[in-house]
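Below you'll find the structure, written out as structure tokens, and then a few comments.
Below, read A as the first sequence line, B as the second, and so on, with proteins coming before strands; counting in each chain starts at 1. What you see is a predicted model; the values in this text were computed from it and never measured. The figures here come from the full heavy-atom set of this structure, side chains too, leaving out hydrogens, waters and symmetry mates.
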Amino acid sequence: GRCDVKILVAIKPVPNPDEKVKIKGDGSGIVLENIKMVVNPFCEIAVEEALRIREKLTGEVVVVTVGPKVGEQQVRTALAMGADRAVLVEAGADLDSLAVAKVLAKVVADEQAELVLMGKQSVDDDNNQVGQILAAVLGWPQATFASKVELAADNKKANVTREVDGGLETIEVGLPAVVTTDLRLNEPRYASLPGIMKAKKKELKVVPLASLGVDTAPRVKVLSYFAPKLRAGGGRVADVAELMSKLKNEAKVL
Amino acid sequence: MADILVVVEHQEGVFKKTTLSTISAAKQLSALTGGAVDALVMGIGIASVAFTVAEYGIRLVLVAESPSLGTYTAEAFAAAVAQVVKEKGYGAVFAPASTFGKDFMPRLSGLLDAPLASDIVGLEKDGDALRVKRPMYAGNAIGTVALSGSPLLFTVRQTAFDSATTSGVKATVVGTTVTVDAGRTAFLSRQETKSERPELTEARVIVSAGRGIKAQENFKMVEELADLLNAAIGASRAAVDAGWAPNDWQVGQTGKIVAPELYVALGISGAIQHLAGMKDSKVIVAINKDEEAPIFQVADYGLVADLFKAVPELIAELKKSFVATV
Ligand SMILES: Cc1cc2nc3c(=O)[nH]c(=O)nc-3n(C[C@H](O)[C@H](O)[C@H](O)COP(=O)(O)OP(=O)(O)OC[C@H]3O[C@@H](n4cnc5c(N)ncnc54)[C@H](O)[C@@H]3O)c2cc1C
Ligand SMILES: Nc1ncnc2c1ncn2[C@@H]1O[C@H](COP(=O)(O)O)[C@@H](O)[C@H]1O
């Protein structure tokens, strides 16, 4: 049969993306009280893809997150989906992309992962950076915005189809490599009840940030947040005739 | 400050207009902190791209021709830009926040250990310190961001900066040598979405359809409407996921950000993620049969109607009005 593959999946907890966030009165941050945290949707897709690869081959899927201890909950969700074990690097919530990538690079080296799967973007910061930075730090190839991933029979290469501005493109990357997921890669499974029970017993190693010896001094810092100008929407028209007349005479866009 | 470099986007020798708003952003930085704006074109067969860029009021166009840059890969392009930046000592690098810039710029950040602000919508000074603005949380918050280190890296949201205009003065075009190999990435193939219509991010009018359109064949109606308005066609994630529309039509937080003069949303509910991609459009029309749909909160002209009735009516009205004006 085919050989083992060791896959690392980096996940990030984010506020539920279906809720509109509120900014603190003094602009110092986002109101997170009473907001449900979930696994970043793109990271869920990454976990799902890792599980599918493992189901076809053999191997291990290790989930890693860098952040506060409360992120354990979302890590357990990934374990309940079927990941084998997890690493939580305990750190503040304010590390920037360079810092997170350098921390992840350490974990990748410790784990001797051959494939790293990540989301293309965390839907809170909307950075779209960490996977590409990690690939550079490791000196590995990258395949971002993946809608299809096919490993070669010898696990030495992968063909990845990417969602790009003009359509799709397919590239080949030598492994080890970093792949970031786009929306069409797969539909993540839900954690089953037995999966949730099993996840409670799976290994979740908590590693203090300081023990990794990574320089995490901030290089990109969000100083404050403010709300964008709101649109004065809500205008109505009764029928197509009124719409036509408004577009012509009021908005003057026809 | 040290000079500023703009990485030019093109597709195998065809210049992309995404570069023009990026040049404007770079010029804004230059106005704030000093430094000349240069451009870098990489690839093979790129002379015409270089001479096009030279028209837009910059100092130098650097042309890096190399077989390993013949088709774009993040590995080769990031390595090439890193070389040029180190050799010439640029203090800042700009690229469009397109799938091109979003792919190689973070890699450049990793190679140079340099700070990157993604998808910026503004640049300003607070005393002596540079601050950039960028949307976060699907555009529901704008962050004021400080960067430290050098060079400073930025990807630019196209809708937030006007396109640079030609200056009448041509920049000097010079060759520059880069030695990079393709690394462990190989380009295999491209499946382009072919269209005679304007590009989504450049169109004056966009007609977008969502789950309410119900089937791929109903996009014919959307196309007919789009053609009458000389519009590009967009879609919600739901329509793309269903396979009715290609991926590059997706408008939204995780698709394309657009701000046309007129955006027409057909059978789109107006989820946070969709609004993030179109709420800066000048005029928004929504046709939806659910009067509670959130899209109506941002629409200038909301029509509560069955789109299968309203769109054919709209098409008929438009045809009539065109006949009347010819
Ligand atoms: C991580 C993540 C990223 C995402 N990124 C994006 C993104 O970039 N862009 C995006 O669009 N979405 C994105 N989404 C998805 C988003 O949350 C919504 O699910 C999606 O936008 C819904 O698409 P829709 O409005 O077409 O479908 P629905 O929400 O199902 O709405 C369909 C609408 O059609 C109306 N309708 C039905 N029939 C008719 C009819 N006959 N006539 C008139 N109206 C009719 C209904 O009333 C309804 O309002 C993302 C989601 C996640 C989790
Ligand atoms: N703190 C973190 N811990 C683990 N993975 C992360 C973290 N931040 C970002 N990532 C990964 O990087 C991807 C892109 O995130 P970003 O660059 O922040 O938009 C996410 O989908 C995750 O896979």
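For a residue to count as touching a neighbouring chain, one of its non-hydrogen atoms must lie under 4.5 Å from one of that chain's; by this rule B/Glu75 touches chain A with the side chain only. Within the 4.5 angstrom heavy-atom criterion, only side-chain atoms of A/Ile23, from C-beta onward, approach chain B. Residue B/Ile272 touches chain A through its side chain alone, counting heavy-atom pairs closer than 4.5 Å. For A/Pro176, the parts lying near chain B are the backbone and the side chain together; criterion is any non-hydrogen pair under 4.5 Å. Contacts of B/Glu291 with chain A are made by both backbone and side-chain atoms, with heavy-atom separations under 4.5 Å. Looking at B/Leu262, only its side chain comes within 4.5 Å of chain A, counting heavy atoms on both sides. Only the side chain of A/Lys120 comes within less than 4.5 Å of a heavy atom of chain B; its backbone N, CA, C and O stay farther away. The contact between B/Arg204 and chain A is made entirely by side chain atoms (from C-beta outward), counting heavy-atom distances below 4.5 Å. Looking at B/Val132, there are no atoms closer than 4.5 Å to chain A (heavy atoms on both sides), in backbone or side chain. There is no contact between B/Ala305 and chain A, counting heavy-atom distances below 4.5 Å. Contact annotation for A/Pro15: only side-chain heavy atoms (C-beta onward) come within less than 4.5 Å of a heavy atom of chain B. Interface residue B/Lys102: backbone and side-chain heavy atoms are both found under 4.5 Å from chain A.
Among the candidates B/Gly255, B/Ala286, B/Ser281, the residue making the largest number of heavy-atom pairs closer than 4.5 Å to chain A is B/Ser281. For the options A/Glu187, A/Gln121, A/Lys248, heavy-atom pairs under 4.5 Å to chain B are most numerous at A/Gln121. Comparing B/Thr254, B/Thr155, B/Asp280, B/Asp241 by how many heavy-atom pairs each has under 4.5 Å with chain A, the most go to B/Thr254.
Close approach to chain B, defined as a heavy atom under 4.5 Å from one of its heavy atoms, is seen in A/Trp140, A/Pro141, A/Gln142, A/Thr144, A/Phe145 of residues 140-149 of chain A, taken by number. The contact list for residues 92-104 of chain A toward chain B, using heavy atoms and a distance under 4.5 Å, reads A/Leu98, A/Lys102 by residue number. Residues of residues 236-243 of chain A that come closer than 4.5 Å to chain B, counting heavy atoms only, are A/Arg236, A/Val237, A/Ala238, A/Asp239, A/Val240, A/Leu243, ordered by residue number. Residues of residues 29-39 of chain A lying under 4.5 angstrom from chain B, judged on non-hydrogen atoms, are A/Ile30 by number.
Between B/Phe187 and B/Tyr72, the ring center distance fails the sub-6.0 Å criterion.
With hydrogens and angles ignored, the 3.5 Å screen pairs a side-chain donor or acceptor of A/Glu48 with a backbone N or O of A/Arg189.
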